Amino acid sequence: MNQVPPPAVGIDLGTTFSAVARLDDLGRPETLINAEGDKTTPSVVLVDGNEVVIGKEAVKAMATDMIAIAECAKRDLGHRMFHKQLGGRQYPPEALQGWILNKLRLDSQAQIGDYSKVVVTVPAYFDEVRRKATQDAGYIAGFEVMDIINEPTAAAVAFGFQQGYMQPDGSTPKEKKILVYDLGGGTFDVTVMQIGGREFVALATDGDVRLGGRDWDQRLVDYVAEDFIRKFSLDPREEPNTLGRLLRECEDAKRTLSARKKTTIACDYQGHSMRCDVSRDQFHQMTQDLLDRTAFTTRQTLKAANLTWDDIDRILLVGGSTRMPAVSEMLEKLSGKAPDRSVSPDEAVAHGAALHASLLLSRFAGQSPAFRIKNVNSHSLGVVATDRETKRPRTAVLIPRNTPLPCAAKRIFKTQKANQRSILVQIVEGESGSPEDCSQVGKCSVRDLPAGLPAQTPIEVRFHYAANGRLTVIVRVEGTETELKHEITRENSLSQQQLNSWREYVSQVPPTAK
Ligand code: ADP
Ligand code: MG
């Protein structure tokens with residue numbers, strides 16, 4: 001019996017906007033339209049009593065129900081709870097992201113029928129904990145997340161497809177090195193990639209998970225608010241709905257300034273109203289330091305890849321914020337090359353994810369994949385050790401950042417006492433020598449070491465990063481084959497039981513069109 005193959009679906013779960021794409025019958029990626037008729041869905045959640053509203057309608061409610069609105073929940077992944085209560089209740093960021101994904105699932109299923117297997121994208125700069133949290137959000141939404149893929153890599157794959165690197169006849173254009181500059185609403189990612197034959201190889205990656213268009217909006221909000229304070233001695237940011245309205249106005253004004261040289265932002269609060277003129281030059285000045293941060297990171301990444309601008313064939317612009325003219329001006333000045341706008345900045349990431357989904361589905365079906373992706377890890381992996389001299393905790397790096405994935409490393413821990421039955425290894429990610437400044441992946445505990453081991457028995461702990469940056473750990477007594485049972489306690493992750501109950505809850509409280 002001929003079974004219809006499942007659709008290859010990729011989801012770009014963005015900080016401010018999300019998008020879903022699938023491959024059409026000819027194998028070309030296409031963006032699916034949501035229930036409102038748009039190609040992108042604002043990643044905004046309104047929890048209104050028993051009703052949950054996602055997307056455009058939730059954005060509209062920012063002017064009236066700001067206290068019940070969650071935006072930029074992606075920025076809080078890796079934390080136990082979203083930073084703000086909604087209707088008196090705290091939600092883990094995975095649940096909010098799960099609701100967004102659930103809407104995307106329902107809207108897309110209405111068009112292409114039921115499916116459950118997806119690829120979800122993550123910023124290249126996401127650490128292990130945030131990667132897991134993204135997979136968990138997919139689970140909460142009722143998906144089976146086949147894989148996560150880095151956003152800049154996905155954009156490069158979409159670009160490669162467009163450029164004819166995945167022709168069925170195997171012919172490919174000449175090898176290219178590209179720099180992907182992805183400035184979205186909440187995160188900034190930069191990745192240097194080499195595309196050659198059917199291989200997409202990341203050479204170096206860096207970024208900032210707390211830098212994006214949203215910070216440019218905030219500068220405008222502060223500029224208007226300060227003007228308002230000067231005139232009326234009142235701060236419009238104090239009142240949540242006024243702030244919500246002002247944020248929307250400022251985001252809109254920012255878009256206008258990408259097209260025009262000046263704009264006017266209106267602000268009303270406590271019976272006073274004001275109009276504030278802003279020119280593009282003024283806007284550039286008040287956000288110059290933000291742009292400089294991206295320039296610095298871009299240069300660092302190029303250096304980490306051991307390349308100069310002469311080696312780079314294309315600079316690929318991804319993410320809505322690259323529409324700001326200052327971005328391409330800065331990159332052109334830095335590199336001496338005009339950036340490439342050939343992929344859609346809003347859709348490329350979802351398209352690349354759909355292409356990756358099709359690669360995985362064909363691999364499951366036993367076919368040979370059309371292309372290969374090789375990534376690097378974005379943060380160094382380490383364990384907490386004790387400094388011999390100072391006796392203070394320090395990070396012992398086992399896998400430095402920008403190592404090609406998959407990769408593994410091992411470390412030997414010695415038992416302190418005879419007949420010691422347990423060891424505890426604290427795993428971190430980050431570049432700081434002091435573990436508390438790193439991201440806490442979790443505590444790996446082994447509780448059933450074989451009885452009767454002498455003191456100083458070497459215990460081997462092996463760390464393995466998969467191609468997608470997820471970590472697994474294997475523990476053995478050195479020189480033996482038997483794997484010892486261990487448990488990784490993750491402070492900032494949901495347990496399987498919690499995930500199941502959120503999955504159940506989200507399916508019962510589906511997003512409504514208000
Ligand atoms: P993310 O993936 O982080 O959600 P996107 O790539 O969808 O982000 O980009 C969204 C960001 O792009 C928002 O901050 C939005 O304000 C900004 N943006 C979209 N269009 C423009 C424009 N024309 N000018 C300036 N910024 C824009
Ligand atoms: Mg994005």
Side-chain angles (χ1 to χ4, degrees), residues 10-21 31 34 38-45 54-56 58-59 62 70-77 96-97 100-101 104 120-126 130 134 148-156 158 180-191 207-221 246-261 263 265 278 280 283-284 287 290-291 294 316-330 341 343-353:
I11 300 186
D12 169 8
L13 180 60
T15 315
T16 51
F17 289 91
S18 297
V20 186
T31 310
N34 66 13
D38 301 320
K39 282 186 170 177
T40 57
T41 303
S43 308
V44 179
V45 182
I54 315 285
K56 203 175 183 171
V59 173
M62 281 171 72
E71 22 148 32
C72 297
K74 184 173 172 176
R75 279 189 166 180
D76 284 11
L77 287 179
L96 299 169
Q97 294 286 84
I100 297 167
L101 285 170
L104 301 175
V120 183
T121 66
V122 288
Y125 204 57
F126 254 20
R130 292 179 168 108
T134 304
I148 44 176
I149 174 177
N150 290 350
E151 286 156 13
T153 305
V180 185
Y181 176 103
D182 179 354
L183 186 61
T187 52
F188 170 62
D189 255 350
V190 51
T191 299
D208 194 332
V209 285
R210 291 199 157 263
L211 181 63
R214 197 41 221 273
D215 300 293
W216 271 257
D217 303 344
Q218 189 64 42
R219 289 290 163 86
L220 278 175
V221 168
L246 188 58
L247 259 170
R248 275 188 72 191
E249 289 269 344
C250 288
E251 202 252 355
D252 207 38
K254 176 185 72 173
R255 289 176 189 247
T256 303
L257 288 173
S258 295
R260 299 183 50 187
K261 289 278 168 81
T263 188
I265 303 167
V278 188
R280 189 188 280 177
F283 179 53
H284 283 179
T287 52
L290 300 174
L291 195 65
T294 73
L316 207 59
L317 294 182
V318 185
S321 299
T322 59
R323 291 204 179 87
M324 292 188 290
V327 169
S328 37
E329 281 162 24
M330 177 277 287
R341 292 189 175 275
V343 298
S344 157
D346 305 316
E347 297 169 274
V349 171
H351 285 188

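Computed over heavy atoms, backbone and side chain alike; hydrogens, waters and symmetry mates excluded. Atoms within each ligand, like the ligands themselves, are counted from 1 in listed order. The chain is numbered in sequence order, starting from 1. Since the model is a prediction, treat every value here as computed from it, not as a measurement.
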If the cut-off is 4.0 Å to any non-hydrogen atom of [X], which atoms of ligand 1 fall inside it?
X    : value
R323 : 19 (C), 20 (N), 22 (C), 23 (N), 24 (N)
G319 : 6 (O)
S321 : 11 (C), 12 (O), 14 (O), 17 (C)
G213 : 14 (O)
G186 : 3 (O)
M324 : 25 (C)

Side chain to side chain contact (heavy atoms under 4.5 Å, CB included) partner of V180, chosen from L316, L317, T153: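 Exactly one candidate clears the test, L316.
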Do [X] side-chain atoms and [Y] backbone N/O form a donor-acceptor pair below 3.5 Å?
X    : Y    : answer
R219 : T287 : no
T187 : P123 : no
D215 : G212 : yes

Are any of the N/O atoms on [X], whether in the backbone or the side chain, positioned under 3.5 angstrom from an N/O atom of ligand 1?
X    : result
T15  : yes
P345 : no
L183 : no
G320 : yes
K254 : yes
T16  : yes

Verdict with reasoning, T16 to E71, per side chain to side chain contact (heavy atoms under 4.5 Å, CB included): CA-CA 7 Å; T16 51; E71 22 148 32; over 6 Å; no
Considering only protein heavy atoms, which is closest to [atom], and at what distance to one decimal place?
atom                   : answer
atom 3 (O) of ligand 1 : G185 N, 2.7 Å
atom 2 (O) of ligand 1 : G14 CA, 3.6 Å
atom 7 (O) of ligand 1 : F17 CB, 3.4 Å

Before accepting this row, confirm whether a basic side-chain N of the pair [X]/[Y] lies closer than 4.0 Å to the acidic partner's carboxylate O.
X    : Y    : result
D346 : K39  : no
R248 : D217 : no
D12  : K74  : no
E251 : R214 : no

Please report the interatomic distance SG(C250) to CH2(W216), rounded to the nearest 0.5 Å.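 Those atoms lie 15.5 Å apart.
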Side chain, backbone, both or neither: which part of S258 comes within less than 4.0 Å of ligand 1 when only heavy atoms are counted?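 For S258, the contact with ligand 1 is made by the side chain alone.
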If we set the cut-off at 4.0 Å for heavy atoms, which region of E251 has an atom near ligand 1: side chain, backbone, both, or neither?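 E251 to ligand 1: side-chain contact only, backbone stays beyond 4.0 Å.
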Could you walk me through whether T263 and F283 pass the side chain to side chain contact (heavy atoms under 4.5 Å, CB included) test, one step at a time? CA-CA 10 Å; T263 188; F283 179 53; over 6 Å; no
